[in-house]
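Have a look at the structure below before the remarks.
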Amino acid sequence: MSSPTPHPAARTRVPSSSDAEPGGLEGSLLQIVHDHHQSSVRLREITEKAKKEAIKNAARVSDLLVDAVNGGVQECFVNEKRIELETRALAATIARFMKQTDQWLASTHAFNTAVKEIGDFENWMKTMEFDCKSIVAAIHNIHQE
């Protein structure tokens with residue numbers, strides 16, 4: 001933004017004290033031009049000061065808005081990092097539980113196999129017992145005859 005360039009002072013002939021009559025028309029006009037110039041300079045200074053103040057206030061508002069937005073973004077970033085850490089921890093826990101579950105399944109399968117083998121052995125033993133009793137009965141029958 002560029003500041004307004006000051007206007008060059010009006011080129012007027014400044015009358016000497018001998019030219020202007022103390023209450024004359026030319027003196028009054030010169031006084032009006034001088035007053036106008038003074039008020040223009042004062043108004044320009046006030047406008048420039050207000051402009052600088054407005055720019056300073058706009059910068060302050062902009063900084064506050066950026067801080068407000070960044071605060072929310074920073075909070076989101078912190079929450080995202082916390083969620084990522086918790087997700088990793090949960091993934092590790094899940095992996096540990098899966099490994100433990102696989103071990104339990106293997107142990108249960110081994111136990112079931114062992115129980116089946118015991119059942120098969122018991123059945124074999126009953127079959128053997130029955131066969132032996134049949135053989136003993138046959139021998140006993142042969143021996144009695």
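Atom CD of Q38 sits in a crowded spot, with more than 12 heavy atoms from other residues, nucleotides or ligands closer than 6.0 Å. More than 12 heavy atoms of other residues, nucleotides or ligands sit less than 6.0 Å from atom CD of E86.
One distance of note links CG of L105 with OG1 of T101; it measures 6.5 Å at 0.5 Å rounding. Separation of atoms OG1 (T87) and CD1 (I94) is listed at 9.5 Å; rounding is to 0.5 Å. Atom CD in E45 sits 10.0 Å away from atom NZ in K49 (nearest 0.5 Å). For the atom pair E48 CD and R44 CZ, the distance stands at 10.0 Å (nearest 0.5 Å). Atom NZ of residue K52 and atom OG1 of residue T47 lie 12.0 Å apart, to the nearest 0.5 angstrom. With rounding to the nearest 0.5 Å, the separation of CD1 in I55 from CD in E53 is 10.5 Å.
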**Message:** With side-chain contact (heavy atoms from CB on, under 4.5 Å) as the criterion, how do V78 and K81 come out once you've worked through the C-alpha distance, each side chain's angles and the decisive distance to 0.1 Å?
**Reply:** CA-CA 5 Å; V78 168; K81 289 299 179 187; 5.9 Å; no
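The side-chain heavy atoms of E84 and R88, taken from C-beta on, include a pair separated by under 4.5 Å. The side-chain heavy atoms of K99 and D102, taken from C-beta on, include no pair separated by under 4.5 Å. Side chains of R82 and N79 form a contact here, defined as non-hydrogen atoms less than 4.5 Å apart.
Side-chain N or O atoms of T93 include one that pairs as donor or acceptor with a backbone N or O of A89 at under 3.5 Å.
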Result block: side-chain N/O donor-acceptor pairs under 3.5 angstrom for residues 116-135, not counting sequence neighbours:
| from | atom 1 | to | atom 2 | distance (Å) |
| --- | --- | --- | --- | --- |
| T127 | OG1 | N123 | O | 2.9 |
| S134 | OG | F130 | O | 3.0 |

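In summary, the side chains of N57 and R60 do not present any donor paired with an acceptor at a separation below 3.5 Å, with no hydrogens or angles considered.
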